[in-house]
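Residue numbers begin at 1 in each chain, while the letters A, B, ... track the order of the sequences.
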Amino acid sequence: MPELPEVEVVRRGLERWVAGRRVASVEVRHPRAVRRHTAGPADFAGRLTGRVLGAPHRRGKYLWLPLEEPGAAPEPRDASPGRARESLLAHLGMSGQLLVQPHDAPDETHLRVRVRFADALGTELRFVDQRTFGGLSVHEADPHDPEATPSVVAHIARDPMDPAFDEDAFHLALRRRRTTLKRALLDQSLISGVGNIYADEALWRVRMHYDRPTATMTRPRTAELVSAVREVMAEALAQGGTSFDSLYVNVNGESGYFDRSLDAYGRQDEPCRRCGTAIRRRPFMNRSSYYCPACQRPPRPSVR
DNA sequence: ATGACCACCTGCGAGC
DNA sequence: TGCTCGCAGGTGGTCA
């Protein structure tokens, strides 16, 4: 369940149902699901076993849970310098799910990793992923970082819901780049958390064409765009995210219903909710862009 | 250094 | 019925 709102729904589920629990055992049922853990599945399981999962954090579409020492107070403020902290990192890819399931729930077809806990709550954490583009891994983090951000997340920009998101820097990056608006929105090193759905939705809201050169953006237009991204994501989050099918669910297996509120994505040939013109679908980077040809005028060819 | 493409997977619906 | 094709909420590595 890929974009920021869907990942945030999962983060909140983990915070409620998983944080503070001690890992009793880890079963890796498909090594590909743990491929980003370069030391291998056995090392992955070994690093988790006996540790307490801390409060989950998220940046863009990545989420992670700091690993606390057995018996240690969560997030100790006097972490001894030099002693690296570790976090369990998760990315859901295109089809990943993190589910909290009763022990006796039948194994899902694409169950990849199972985490059992040393408590009597009767539930376990499962990573289920049909296409295995997502995965889990354990990484070291800066011992002074209270969020224990894994070092491999460093290249991911702050997301627009993050108070530390720097709109000015984002605008300057757009001006500097020789690319187009939607490519930039999907570039997780410029702004994170935006995927194909919310890029199209935000562009529709501000009536901008996906192929507009980023260098033509003015400060007010960038501000408008970022606001639209924030608004569409906040609305989606309030509805539990977007799901067209059972692949995109929260930790309890429930779907969000923002798909009913989509204005552009997936609405090929349906009338634009603003002007009635048929929404168009165009191939774009091996996927699709949906837009209103009347509201979102293509950039003038002379502009470069 | 920056930008564009393609591979990595599995499953589903449409069309023949 | 069953095949092939196109398509799917993402992200790297690689090439120019």
Q) So what's B:dC9 paired with, Watson-Crick or G-U wobble, going by both distances under 3.5 Å? A) none
**Q.** A:His209 NE2 to A:Tyr291 OH distance, which is reported to the nearest 0.5 Å
**A.** 4.5 Å
Q: Any chance you could measure A:Arg35, atom CZ, to A:Phe44, atom CZ, to the nearest 0.5 Å?
A: 12.5 Å
Using a cut-off of less than 4.0 Å, is there contact between a side-chain N or O of [X] and OP1 or OP2 of [N]?
X	N	answer
A:Arg177	B:dG3	yes
A:Lys61	C:dG9	no
A:Ser288	C:dA8	yes
A:Ser95	B:dC9	no
A:Gln188	C:dT11	yes
A:Tyr290	C:dC7	no
A:Arg36	C:dG12	yes
A:His155	C:dT11	no
A:His91	C:dT11	yes

Nearest whole angstrom, please: distance from the [atom2] of [N] to the [atom1] of [X].
X	N	atom1	atom2	result
A:Asp245	B:dC12	CG	P	10 Å
A:Arg35	B:dC8	CZ	P	12 Å
A:Met285	B:dC6	CE	P	12 Å
A:Gln97	B:dG11	CD	C1'	14 Å
A:Leu190	B:dT2	CG	P	10 Å
A:Arg131	B:dT10	CZ	P	10 Å
A:Asp159	C:dG9	CG	P	20 Å
A:Lys182	B:dG3	NZ	P	18 Å

**Q.** Given DNA chain B, 5'-ward residue of the pair A:Asn286 and A:Asp187, judged by closest heavy atom
**A.** A:Asp187
Q) For DNA chain B, whose closest nucleotide is more 5', that of A:His110 or that of A:Arg32? A) A:Arg32
(Q) Using every non-hydrogen atom in the two residues, find where A:Arg85 and A:Ala148 come nearest and quote the distance to one decimal. (A) NH1-CB, 3.8 Å
Once you apply a heavy-atom cut-off of 4.0 Å, does [X] come out as touching a base, just sugar-phosphate, or nothing?
X	value
A:Arg281	sugar-phosphate
A:Phe284	nothing
A:Asp129	nothing
A:Arg176	nothing
A:Phe244	base

Q.
I'd like to know if A:Arg183 reaches the base of B:dA4 with its side chain, counting only an N/O donor and acceptor under 3.5 Å.
A. no
Q.
By nearest atom, which of the nucleotides C:dG9, B:dG3, C:dG12 is closest to the A:Arg178 side chain?
A. B:dG3
Q | Closest listed nucleotide, where the reference is the side chain of A:Gln130 and the choices are C:dG9, B:dT10, C:dG12 | A | B:dT10
Q) How would you label the glycosidic angle of C:dG9: syn (within 90° of 0) or anti? A) syn
Going by atom types alone, do [X] and [Y] pair a side-chain donor with an acceptor below 3.5 Å?
X	Y	value
A:Thr242	A:Asp259	no
A:Thr214	A:Arg177	no
A:Gln97	A:Glu108	no

Q) With rounding to whole Å, what would you report as the distance between B:dC9 and C:dT14 at their P atoms? A) 15 Å
Q) Hey, is A:Phe133 doing a stacking thing with B:dC9, by the 5.5 Å centroid and 30° angle criteria? A) no
Q. Going by an N to O cut-off under 4.0 Å, is there a salt bridge joining A:Arg22 and A:Glu68?
A. no
